[in-house]
Participant: 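Quick one: this structure, given as structure tokens, is what I'll be asking you about.
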4 protein chains.
Amino acid sequence: MYSPEPDELAYTFGGRAPVRRLRPGDALEVYTEDCFGGRVTGVDTLPTRVVEFPFLNPVSGPFHVEGAAPGDTLALHFVSLQPARDWAVSSTFPHFGALTSTSHTATLQPPLEERVWIYDLAGGVARFSARNSDFVVDLPLDPMHGTVGVAPAAFEARMTITPDAHGGNMDTPELRAGVTAYFGVNVDGALFALGDGHARQGHGEVSGVAVECAMRTTLIVELLKGVPTPWPRLESDGHLMSTGSARPLEDAYRISQHDLVTWVAGLTGLDELDALQLVSQAGEAPVGNVCDTNYTMVAKVAKRYLRGARAYDGVHARLRERAATMGA
Amino acid sequence: MYSPEPDELAYTFGGRAPVRRLRPGDALEVYTEDCFGGRVTGVDTLPTRVVEFPFLNPVSGPFHVEGAAPGDTLALHFVSLQPARDWAVSSTFPHFGALTSTSHTATLQPPLEERVWIYDLAGGVARFSARNSDFVVDLPLDPMHGTVGVAPAAFEARMTITPDAHGGNMDTPELRAGVTAYFGVNVDGALFALGDGHARQGHGEVSGVAVECAMRTTLIVELLKGVPTPWPRLESDGHLMSTGSARPLEDAYRISQHDLVTWVAGLTGLDELDALQLVSQAGEAPVGNVCDTNYTMVAKVAKRYLRGARAYDGVHARLRERAATMGA
Amino acid sequence: MYSPEPDELAYTFGGRAPVRRLRPGDALEVYTEDCFGGRVTGVDTLPTRVVEFPFLNPVSGPFHVEGAAPGDTLALHFVSLQPARDWAVSSTFPHFGALTSTSHTATLQPPLEERVWIYDLAGGVARFSARNSDFVVDLPLDPMHGTVGVAPAAFEARMTITPDAHGGNMDTPELRAGVTAYFGVNVDGALFALGDGHARQGHGEVSGVAVECAMRTTLIVELLKGVPTPWPRLESDGHLMSTGSARPLEDAYRISQHDLVTWVAGLTGLDELDALQLVSQAGEAPVGNVCDTNYTMVAKVAKRYLRGARAYDGVHARLRERAATMGA
Amino acid sequence: MYSPEPDELAYTFGGRAPVRRLRPGDALEVYTEDCFGGRVTGVDTLPTRVVEFPFLNPVSGPFHVEGAAPGDTLALHFVSLQPARDWAVSSTFPHFGALTSTSHTATLQPPLEERVWIYDLAGGVARFSARNSDFVVDLPLDPMHGTVGVAPAAFEARMTITPDAHGGNMDTPELRAGVTAYFGVNVDGALFALGDGHARQGHGEVSGVAVECAMRTTLIVELLKGVPTPWPRLESDGHLMSTGSARPLEDAYRISQHDLVTWVAGLTGLDELDALQLVSQAGEAPVGNVCDTNYTMVAKVAKRYLRGARAYDGVHARLRERAATMGA
């Protein structure tokens with residue numbers, strides 16, 4: 001298992017040398033720290049006291065994939081995600097989140113109170129304990145990575161808290177075990193990285209912070225040569241998904257739906273308007289995040305409505321079969 | 001069953017005399033026309049040829065509820081929704097929808113082609129037939145009303161295609177049979193109306209038009225005196241939901257999540273930050289529409305995470321029981 | 001001079017009977033109350049104590065114009081605007097304005113402090129006196145009407161605080177004496193109204209409230225039969241202006257620029273792309289409001305760049321000449 | 001004069017080694033290429049044929065400033081801007097601009113026609129010649145730099161077409177000769193760069209492309225140690241200006257106004273609400289761009305309303321005096 005040394009933690013996509021080199025077909029076990037670098041360990045440890053900008057949301061990586069070149073697609077199949085500790089953490093954070101003013105939706109109001117919650121993880125649940133009353137409730141675990149991506153195009157390096165066409169901090173619960181994620185490759189080696197494990201997360205991550213935890217993750221790396229992918233896509237056994245990350249939120253929706261419509265058209269032989277019509281009636285739109293520097297929407301359609309259409313030459317099914325043999 | 005005469009069809013919420021008077025506790029059977037007034041009957045009948053602005057999206061009503069006064073809440077429990085014909089219709093419409101420029105997201109580009117699709121409704125499915133290829137697929141029926149609301153506040157009258165704090169054209173698939181909808185009353189008698197039946201709809205109604213059909217609907221009217229409701233809310237057996245309708249889409253999200261957080265706080269005794277934390281991890285955010293004059297988001301939380309909290313003094317459960325006795 | 005009785009004040013465009021009937025060519029002298037109905041008379045009178053929703057932003061009117069019918073354009077030439085008192089008032093208002101969260105950009109933060117400022121109007125200036133220090137500065141008077149419009153289309157009635165295609169609360173300083181405003185007529189008689197005088201206003205009305213004052217205004221009414229106007233337009237001696245009111249703010253910009261580009265194309269014979277190019281390099285974009293229920297942008301181009309193009313058959317020049325003879 | 005070799009042209013802020021080292025107080029003469037790298041030389045040379053992403057909008061630099069460190073402010077005083085050729089160029093560009101759908105405001109519509117305009121620059125004017133008619137008009141020269149900035153914070157590298165807190169492609173006509181621009185320093189040496197000269201530009205750059213020209217520019221570099229600047233600011237002889245770059249456009253407005261209000265409060269001793277009130281009535285809000293990856297707004301207030309307040313210890317006045325001695 002690759003577990004980053006403290007000085008290996010990365011805070012950008014792009015602009016970093018690889019920490020490991022992988023080949024297409026390789027499986028990778030990787031440890032990722034939580035979004036606070038593991039420093040918020042109790043309800044009295046306020047994030048702003050122990051975490052300093054820009055050392056937020058560290059990722060493990062980047063990993064160089066042999067042979068990956070601009071114009072290819074990197075496929076990452078998530079075999080398993082396992083919280084690495086028996087607790088997780090959440091908080092409010094000053095001027096961050098959907099129900100507060102922020103640095104960009106700037107107002108003259110003071111921030112909300114900074115408050116920390118610690119969740120116990122055990123028996124398949126995350127236990128929420130209110131801070132100001134005795135309310136306790138168990139929420140099902142649904143582990144996911146908030147942040148996965150590749151080095152951006154155009155010589156850019158982007159903070160790990162920003163989602164965009166290269167992936168990054170999309171914060172969608174759809175990125176869970178059993179899913180294959182596709183990214184367009186922008187630089188030689190693709191240089192993917194991941195982090196920001198969540199034991200679970202609501203839609204939109206309204207407070208700005210999920211149930212944050214260190215994660216042990218197993219994934220398989222695959223490479224699709226000469227196949228472009230304009231925005232990150234996901235595939236589960238039942239669904240195809242496109243993502244869009246932008247502001248305002250309707251543009252994230254437009255990007256994701258536009259990509260799904262044209263993808264479906266290409267897979268089914270429907271013309272664009274017929275594909276638009278089908279997606280319009282059969283499609284779903286799970287919200288990713290409405291709190292980060294770009295907002296993320298997912299456009300999703302069940303494969304059973306696509307009459308046997310097979311994405312990326314069926315790589316998801318092959319990776320799924322292989323994962324089943326790994327006993328993860 | 002109330003079935004409107006052609007000259008009774010309403011195109012606004014507010015500014016209309018009631019067509020019927022009801023008492024709290026009354027059941028209502030009502031016929032609603034489709035969004036095109038039933039005039040688009042085949043693939044060669046383009047909507048812009050047969051429907052003239054502002055005679056779009058007719059609703060049945062308004063219905064006056066005895067005793068309803070500003071500051072009260074009107075509860076409408078949807079017992080059943082039954083498509084009234086064995087076909088439904090969809091289309092593109094010039095400069096309307098999420099993947100086209102519009103009158104407000106104005107560009108110099110010509111509109112997309114105007115095209116009509118007819119769906120056969122039978123055996124619990126809506127059959128999609130592509131126009132430019134032989135692709136056919138069955139989608140499950142999931143009947144809903146796109147448009148339900150009361151007369152607005154502030155002496156306003158609003159087009160039925162606009163969703164806002166009074167309800168209106170929210171276009172959320174969550175508004176289906178088995179659900180109770182709550183609206184704050186703004187004028188004496190509440191003056192509710194409904195229409196825009198959809199045999200089913202994808203999230204966001206990306207093309208701008210759902211699987212549109214005339215509908216036969218049974219609902220029960222209830223009144224909660226002295227109980228305010230700031231934005232329309234929905235309750236199903238399993239979930240509480242708040243809505244927000246605004247632009248940009250993140251404001252619709254903010255309104256709906258803000259309402260859900262403060263509602264949950266009131267029901268559970270959690271303080272606002274604890275309620276924010278719970279909703280942030282347990283909440284869902286189904287997209288309503290991303291095509292109308294305001295966009296609609298729904299904020300949703302499972303009741304099982306609220307430890308027995310009971311909304312509106314349990315009226316949903318009582319209405320559900322009564323509906324069960326109606327054999328609908 | 002028409003001066004409304006208290007019970008004549010209107011709080012909507014649409015849904016009201018006319019208070020007077022005018023003929024094309026008539027001059028009108030009219031008194032308008034300030035946005036608080038004149039009730040905030042000192043720094044200790046907080047608006048929320050004396051003004052109750054929806055009795056905000058009263059307008060004088062509506063005025064019925066003989067012969068005006070849907071498809072026509074109403075021209076209102078503003079001869080003079082004179083503050084009616086020797087003081088004006090401004091304030092913060094809870095959850096209203098650009099630098100605070102609002103009912104729609106909803107957050108869990110408490111509102112900013114509610115505070116009132118009284119301005120002395122004399123000698124052509126409005127005197128600003130800080131409340132928490134001894135800072136005093138004189139700002140030039142530049143009287144304008146924040147709110148002017150006609151009855152909306154589609155049987156709507158809209159709160160006077162909302163700007164849209166019918167005009168309303170556009171809050172642009174460009175609407176000052178010497179300017180002709182053009183509105184598309186939606187209902188017989190046009191039913192125009194006006195109010196919300198500002199002694200002056202910054203761009204965007206960032207605090208949500210301008211230097212508010214009662215106003216004595218003289219205008220001339222003209223009617224252009226069979227000439228449509230899609231969004232309110234303004235004409236001064238030097239400039240043509242289009243407005244757009246929407247959210248997000250870029251849509252207000254798009255609407256206004258789209259209207260100006262197509263208007264310029266029609267006036268000059270330029271094709272749309274050439275007109276886009278000219279407006280793109282020669283155009284201005286004064287911000288109206290970024291605080292109301294819709295935001296307003298103005299698109300503006302100097303007539304001198306249009307090689308003699310004459311809008312609306314030169315009605316502005318004729319009204320300007322007539323105004324000069326009125327000694328106002 | 002520094003004139004970059006072709007292989008020295010930079011396409012990012014950040015992630016580049018400096019091309020020159022300067023000391024505070026140094027004057028710099030610099031040549032900048034136009035946004036197309038000088039490759040669009042006639043109306044038949046379509047930009048998409050000769051310019052390849054991401055080799056768009058090259059800047060000259062970065063320049064390393066001795067002693068500049070994070071937490072300091074870099075002041076760049078623009079002594080003169082002189083178009084370097086007797087012609088300039090503009091165009092439409094597929095899916096770029098405010099009146100077209102884009103990669104982010106994604107629709108299924110085809111792009112607008114790609115068209116090029118060549119402007120003759122002579123006698124203080126830029127001559128616009130329509131492509132599809134014989135319309136010709138002269139527009140005054142008003143040379144400016146669309147793109148000026150420093151290396152971003154948080155280890156980022158950003159495309160030169162993106163404006164953000166580090167500056168970049170703000171595309172505001174306020175950045176002209178006689179103005180001092182202030183940038184917060186994020187990395188040692190500040191690493192500033194500039195480009196994208198415009199012979200003139202309308203507000204918002206609605207078509208997406210200004211009157212683009214190569215430029216010869218003289219500027220003076222100054223450093224303010226230990227003085228932070230959160231967003232780029234500008235100062236002219238008469239005005240203080242703050243900028244904000246974000247989406248949606250209202251957030252760019254909020255950022256710029258928030259910065260101006262707090263800046264004015266700090267300079268005048270007004271408390272924040274009094275400063276908000278003053279800016280709200282006296283402030284201007286010139287639109288920068290409404291076409292780039294972030295939109296830019298400027299918040300502006302006349303110094304004469306600030307009773308002698310002096311920004312940055314009067315450095316603008318000193319630089320202005322020195323510029324006067326340079327005979328530029």
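All values derive from a computational prediction rather than experimental measurement. Atom set for the values below is all heavy atoms of this structure, side chains included, hydrogens, waters and symmetry mates excluded. In what follows, chains are A, B, ... by sequence order, proteins preceding strands, each numbered from 1.
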Participant: What pairs with Ala265(D) under side-chain contact (heavy atoms from CB on, under 4.5 Å), at least two apart in sequence or on another chain?
Facilitator: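 Per chain and number, Ala265(D) pairs via side-chain contact (heavy atoms from CB on, under 4.5 Å) with Ala275(D).
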Participant: How long is the straight-line distance from CG of Leu108(B) back to CG of Leu112(D), given to the nearest 0.5 Å?
Facilitator: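 Spacing of CG (Leu112(D)) from CG (Leu108(B)) equals 6.0 Å.
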Participant: Present all donor-acceptor pairs from chain B to chain D with distances below 3.5 Å, rounded to 0.1 Å.
Facilitator:
unit_1	atom_1	unit_2	atom_2	d
Leu99(B)	O	Leu108(D)	N	2.9
Ser101(B)	N	Gln109(D)	OE1	3.0
Ser101(B)	OG	Gln109(D)	OE1	3.3
Ser101(B)	OG	Gln109(D)	NE2	3.0
Leu108(B)	N	Leu99(D)	O	3.0
Gln109(B)	OE1	Ser101(D)	N	3.0
Gln109(B)	OE1	Ser101(D)	OG	3.3
Gln109(B)	NE2	Ser101(D)	OG	3.0
Gln109(B)	NE2	Pro110(D)	O	2.9
Pro110(B)	O	Gln109(D)	NE2	2.9

Participant: Tell me every residue that passes ring-ring contact (aromatic ring centres under 6.0 Å, His included) with Phe155(B), counting only those two or more places apart in sequence or in another chain.
Facilitator: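 ring-ring contact (aromatic ring centres under 6.0 Å, His included) check on Phe155(B) returns Phe55(C).
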